[in-house]
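First the structure, in the form of structure tokens, and then the observations on it.
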Amino acid sequence: MNERPRIEITVDRPSRCYKPEDILVATFHVQGLTPPEIQAIEASVLWYTEGTGEEDLSTHDFRRLLPIDPRDQDLTRRRQFQTHLPRSPLSYDGVIVKIRWAIRVRVFLQQGRDYYEEIPFRLGDLAPAEIAPTLESETNPKERRKADDAA
């Protein structure tokens, strides 16, 4: 194989926006390889942080497909899986830190190489701009005093 394989990932919502505890349904398909070339495939739903400081990564759902399993002999065919999304952490686009959710499919070849593709999705439907004023007024003592004085 001289070319990079194509890994196509799709989800059940074109918007790629999910609420906590929703069911996410994803499909993936590997093209450009023959079944004997594939050693294994890993499909995962994960979140990671970007920004200053240490970056975190956590796997919410993980599946490993091997050709020795009679149901998985042809790892090039289209697969579907679903997962029940957690309540948190929610996607977040802060200035200092960002929380990203993604579906990642990694293909391991018999010759030792591996390739992966990842598509992002959003968990939670509030944008940081909608959250920030609420948090600021809750944590800002001057705002609390003004509200107390008005009452």
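FYI, the numbering just counts along the sequence from 1.
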#### Entry: Working for side chain to side chain contact (heavy atoms under 4.5 Å, CB included), residues D56 and W47
CA-CA 8 Å; D56 292 321; W47 65 267; 4.2 Å; yes
Measuring from [X]:[atom1] to [Y]:[atom2], what's the distance to the nearest 0.5 Å?
X: R122; Y: D93; atom1: CZ; atom2: CG; value: 5.5 Å
X: D12; Y: Y18; atom1: CG; atom2: OH; value: 3.5 Å
X: R79; Y: H29; atom1: CZ; atom2: NE2; value: 10.0 Å
X: L65; Y: D74; atom1: CG; atom2: CG; value: 11.5 Å
X: S58; Y: I99; atom1: OG; atom2: CD1; value: 11.5 Å
X: T27; Y: Q82; atom1: OG1; atom2: CD; value: 12.5 Å

If every non-hydrogen atom of [X] is compared with every non-hydrogen atom of [Y], which pair is closest and at what distance?
X: E117; Y: R4; answer: OE1-NH2, 4.4 Å
X: L46; Y: T59; answer: CB-CA, 4.1 Å
X: S91; Y: F121; answer: OG-O, 4.0 Å
X: E50; Y: E55; answer: CA-OE2, 3.9 Å
X: T76; Y: T34; answer: CG2-C, 4.0 Å
X: V11; Y: R16; answer: CG2-CG, 3.8 Å

### Query
Given the rule in the side chain to side chain contact (heavy atoms under 4.5 Å, CB included) test, do I41 and R63 qualify, once you have shown the distances and angles that lead to the verdict?
CA-CA 8 Å; I41 294 178; R63 294 140 199 266; over 6 Å; no
For a 4.5 angstrom cut-off between non-hydrogen side-chain atoms, does [X] reach [Y]?
X: E37; Y: Q110; result: no
X: L109; Y: Y115; result: yes
X: R13; Y: D22; result: yes
X: F81; Y: I103; result: yes

### Query
Applying the 4.5 Å side-chain criterion to the ILVMFWY set and letting contacts propagate, would F28 and F108 be lumped into a single cluster?
no
## Note on the structure
Residue set satisfying side chain to side chain donor-acceptor pair (under 3.5 Å) with R104, at least two apart, ordered chain then number -> E118
#### Entry: Residues forming a side chain to side chain donor-acceptor pair (under 3.5 Å) with T83, sequence neighbours excluded
H60, D61
### Those residues that, when tested against L90, pass side chain to side chain contact (heavy atoms under 4.5 Å, CB included) (two or more places apart)
P20, L123
### Query
Just wondering, are more than 12 heavy atoms of other shown residues or ligands nearer than 6.0 Å to CD1 in I96?
no
